[in-house]
A.B. asks: 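Next up is a structure, given as structure tokens.
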Amino acid sequence: MPAITLPDGSVRRFDAPVAGTTVAEAIGPGLARAALAMKLDGRLVDLATVIDRDASVVFVTRRDPDALALIRHDAAHVLAEAVQALYPGTQVTIGPAIENGFYYDFARNEPFTPEDFPAIEAKMREIVAANAPFARQVWDRDAAIDFFEERGERFKAELIRDLPAHETITLYTQGAWIDLCRGPHMRTTGDVGSAFKLMKVAGAYWRGDHRNPMLSRIYGTAWRDQKELDAYLTMLDEAERRDHRRIGKDMGLFHLQEEAPGSVFWHPKGWRLYRAAEAYLRRRLDAAGYQEVRTPQLVDRALWEASGHWEKFREHMFIARVEDEDRVLALKPMNCPCHVQIFRQGVRSYRELPLRMAEFGSCHRYEPSGALHGIMRVRAFTQDDAHIFCTEAQIAPETVRFVELLASVYRDFGFAEFRVKFSDRPAVRAGDDATWDRAEAALREACATAGVEYDLNPGEGAFYGPKLEFVLRDAIGRDWQCGTLQVDFVLPERLDAEFVAEDGARRRPVMLHRAILGSFERFLGIVIEQYAGRFPLWLAPVQAVVATIVSDADAYAEEVAAALRAAGLAVTVDTGREKINAKIRDHSLAHVPVILVVGRREAEARTVALRRLGGEAQEVLPLAEALARLAAEATPPDLRETAMAAA
RNA sequence: GCCGACGUAGCUCAGUGGUAGAGCAACUGAUUCGUAAUCAGUAGGUCGUCAGUUCAAUCCUGACCGUCGGCACCA
């Protein structure tokens, strides 16, 4: 006699076990038509699932956000059926719903190409139009293995063999096609709808392991309706428009070339952006009680052996040898061991802790060729690195301070939102379990004190300690992992760092490895995409251009520019013989935030006509006023309060 | 590193087994024109590199380098 509680709190009683479909019909024909699946005591299941005990039920309709995952999962199945219909002999493996869509991995000698898409998509639409019901079947494990083996589906057979013994083996049919699947599915293939599109092909290792064979993966996107699909495709166009590689080239910020793969050639304009960011951060760190240092690029392998990096990361280090000396040096891939060397000079007292040692550390890592990506993933980069040497008791307060600093830095760069991931011990790690217990507990406690909410990211910690990862969200909704805070009890031990405690005993400090931007190269890539090249004034590489209307105004234009330069602004002058329309267009396309137009009128009245990027309005105002206003506006955010107070 | 695609002028791209074109940018000249393209002309490429096939290769084949999309990696 199941009693079914609905979301509005009402209860429906049935005399016998009842299918969700029947419950929906009992509530009303509208719901019966709209329901795609249901949540049974919070778990998403097929609508046809028979309910034989008291339960709460929420029906999932197309309007429900949960419908997306169902649509995408079902679309993956439809894709698999279409592919097997068109390319006999192709083996199916797995095909989950993912963010924004789905994929399916196939085993086939010849990989798919985008040219195959039109045929596959057409077949998929046929399958959707056929509106075949999804039907769940429970199978005996051995029978299922035999079934797939006989069909030559050895990947599926392997999946079943590796399922835990207690797991129920379920297969789903959709018309004549059948597949191993945990479910749930919607009612029919027709529920997938038409708002889907195949996007790209890619290789992917079987079960994500690089020692396994490579499968051919097809990615697709799927949405509840055409409007959502269009919005997603528009977002992709927008991302392409903002691509830092394109903007970097167009605006002349930097370039990369074959002779230095993974290293950035910063051009004058890009370097101005870089320096603005660096100067800003240096001020913030100074104010936050960090001491900046600079450590060697080339360091003997002995130090990397002592730190444990040699063993784990040797293949990813650039090695340097000299002919006359029989020693191996490595270009530093990170700064921490060097910072410990500074800490170890002389005897440290507990009075010096927490000691915050910062470095804009230039590092080199031999990243796999396939990992390189513009200036976002490079082999030569500069971390905004720092190590906080402290006691265990200081972990929590230092975490609080750090999170505050990080949040305010992100805000100043235009990122209002970020979230935190907590990565705990990985399978391969240094340090014993007791140490890890302490480190993780300390970090958890620190989060509680700082009021930081986080998602757990199991097994993803550094080899020496657990870490927090700070993920910011950009203007078009993409996530970027930038900041990090890592608790390390291991490295101080390995490199023998110690301090004299209050009781006169020698103790090990804890090291907090932390970064806010991560690396300048990557962060500036993100900033470029965040603003699509239209930087706020304080970051803009060219902050203003003075453009003349007639050559009679040339001398005055130079004078205006000189005055702005004296006020610290980056200004260029355009006295070219183009018409003002062309000049406005050129500088607007170059994303110069401010255009000061001067003609005879302005030269005589000693005014400027000020025009903002993107705006159509212009404002004529006295030179002195424009100067004061732009200087104030170009002040970096951390100096703004004091600048206002002084004015 | 693995799978796939790609590499032609500064940029975006077209093209062919008989040693290459467009638009924009650049340069030159004319135009002095008040808020997103003035006109005309000129110049610019060992078609990623190295081999091979061929009478002949930018085009076909192979290797390598790099880039792009994923996968794997990310101290």
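Every chain is numbered from 1, with letters handed out A, B, ... down the list of sequences.
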A.B. asks: Pick base, sugar-phosphate or nothing for A/Ile584, based on heavy-atom distances below 4.0 Å to the nucleic acid.
C.D. replies: base
A.B. asks: Counting only Watson-Crick or G-U wobble pairs whose two distances fall under 3.5 Å, which nucleotide matches B/U19?
C.D. replies: none
A.B. asks: Name the nucleic acid region contacted by A/Phe112, choosing base, sugar-phosphate or nothing; use a 4.0 angstrom heavy-atom cut-off, strictly under.
C.D. replies: nothing
A.B. asks: Does the distance from a Lys or Arg side-chain N to an Asp or Glu carboxylate O, for A/Arg438 and A/Asp432, drop under 4.0 Å?
C.D. replies: no
A.B. asks: Scan A/Lys583 against the nucleic acid and name what it touches under 4.0 Å (heavy atoms): base, sugar-phosphate only, or nothing.
C.D. replies: nothing
A.B. asks: Could you pick out which residue, A/Arg601 or A/Ala462, lies toward the 5' side of RNA chain B when each is mapped onto its nearest nucleotide?
C.D. replies: A/Arg601
A.B. asks: Could you check which nucleotide pairs with B/U54 in any of the strands shown, counting Watson-Crick or G-U wobble with both distances under 3.5 Å?
C.D. replies: none
A.B. asks: Could you tell me whether A/Gln486 contacts a base, only the sugar-phosphate backbone, or nothing, with contacts defined as non-hydrogen atoms closer than 4.0 Å?
C.D. replies: sugar-phosphate
A.B. asks: Both distances under 3.5 Å, Watson-Crick or G-U wobble: report the partner of B/U35, or none.
C.D. replies: none
A.B. asks: Please work out if A/Gly374 contacts a base, only the sugar-phosphate, or nothing of the nucleic acid, heavy-atom cut-off 4.0 Å.
C.D. replies: sugar-phosphate
A.B. asks: Any Lys/Arg nitrogen of A/Arg478 or A/Glu238 sitting under 4.0 Å from an Asp/Glu carboxylate oxygen of the other?
C.D. replies: no
A.B. asks: Expressed as a whole number of Å, how far does the P atom of B/A43 sit from that of B/C6?
C.D. replies: 34 Å
A.B. asks: Classify the nucleic acid contact of A/Lys332 as base, sugar-phosphate or nothing, counting any heavy atom under 4.0 Å across all strands shown.
C.D. replies: nothing
A.B. asks: Out of A/His513, A/Glu359, A/Arg356, A/Arg514, which one pairs with A/His387 under the side-chain hydrogen bond (donor to acceptor under 3.5 Å, both in side chains) rule?
C.D. replies: A/His513
A.B. asks: Find the partner of B/A25: check Watson-Crick (N1-N3 plus N6-O4 or O6-N4) and G-U wobble (N1-O2, O6-N3) distances, both under 3.5 Å, and reply none if neither fits.
C.D. replies: none
A.B. asks: Give the C-alpha distance, both sets of side-chain angles, the deciding distance and a yes or no for side chain to side chain contact (heavy atoms under 4.5 Å, CB included) between A/Val571 and A/Val545.
C.D. replies: CA-CA 5 Å; A/Val571 187; A/Val545 58; 5.9 Å; no
A.B. asks: Could you check whether A/Glu469 gets within reach of a base, just the sugar-phosphate, or nothing at all, counting any heavy atom under 4.0 Å?
C.D. replies: nothing
A.B. asks: Using the C1' atom as the reference point in each nucleotide, state the distance between B/G69 and B/U31 in Å, no decimals.
C.D. replies: 49 Å
A.B. asks: Mind checking if A/Pro111 touches a base, just sugar-phosphate, or nothing, with heavy atoms under 4.0 Å?
C.D. replies: sugar-phosphate
A.B. asks: Within the 4.0 Å heavy-atom criterion, would you say A/Leu589 contacts the bases, only the backbone, or no part of the nucleic acid?
C.D. replies: base
A.B. asks: Sticking with atom P, work out how far B/A63 lies from B/G4, rounded to a whole angstrom.
C.D. replies: 11 Å
A.B. asks: Taking the basic N atoms (NZ, or NE/NH1/NH2) and the acidic carboxylate oxygens, is any pair closer than 4.0 Å for A/Arg629 and A/Glu625?
C.D. replies: yes
A.B. asks: Heavy atoms, side chains only, cut-off 4.5 Å: are A/Lys197 and A/Tyr232 in contact?
C.D. replies: no
A.B. asks: At under 4.0 Å between heavy atoms, what does A/Ala609 touch on the DNA or RNA strands: base, sugar-phosphate, or nothing?
C.D. replies: base
A.B. asks: Which part of the nucleic acid does A/Tyr103 contact within heavy-atom distance under 4.0 Å: base, sugar-phosphate only, or nothing?
C.D. replies: nothing
A.B. asks: NA contact type, A/Gly308, heavy-atom cut-off 4.0 Å: base, sugar-phosphate, or nothing?
C.D. replies: nothing
A.B. asks: Once you apply the 3.5 Å cut-off to both distances, tell me the Watson-Crick or G-U wobble partner of B/A63, or none.
C.D. replies: B/U49
A.B. asks: Over all strands shown, is A/Ala204 touching base, sugar-phosphate only, or nothing at heavy-atom distances under 4.0 angstrom?
C.D. replies: sugar-phosphate
A.B. asks: Both A/Leu613 and A/Val201 contact RNA chain B. Taking the nearest nucleotide for each, which residue is further toward the 5' end?
C.D. replies: A/Leu613
A.B. asks: Return the nucleotide paired to B/G4: Watson-Crick means purine N1 to pyrimidine N3 with N6-O4 or O6-N4, wobble means G-U with N1-O2 and O6-N3, both under 3.5 Å.
C.D. replies: B/C68
A.B. asks: Could you tell me whether A/Arg508 and A/Asp496 have a side-chain N and a carboxylate O separated by less than 4.0 Å?
C.D. replies: yes
A.B. asks: What is the 5' to 3' range of RNA chain B, first to last nucleotide, that sits under 4.0 Å from any heavy atom of chain A?
C.D. replies: B/G1 to B/A75
A.B. asks: Quick one: do A/Asp479 and A/Lys421 make a salt bridge, cutoff under 4.0 Å?
C.D. replies: no
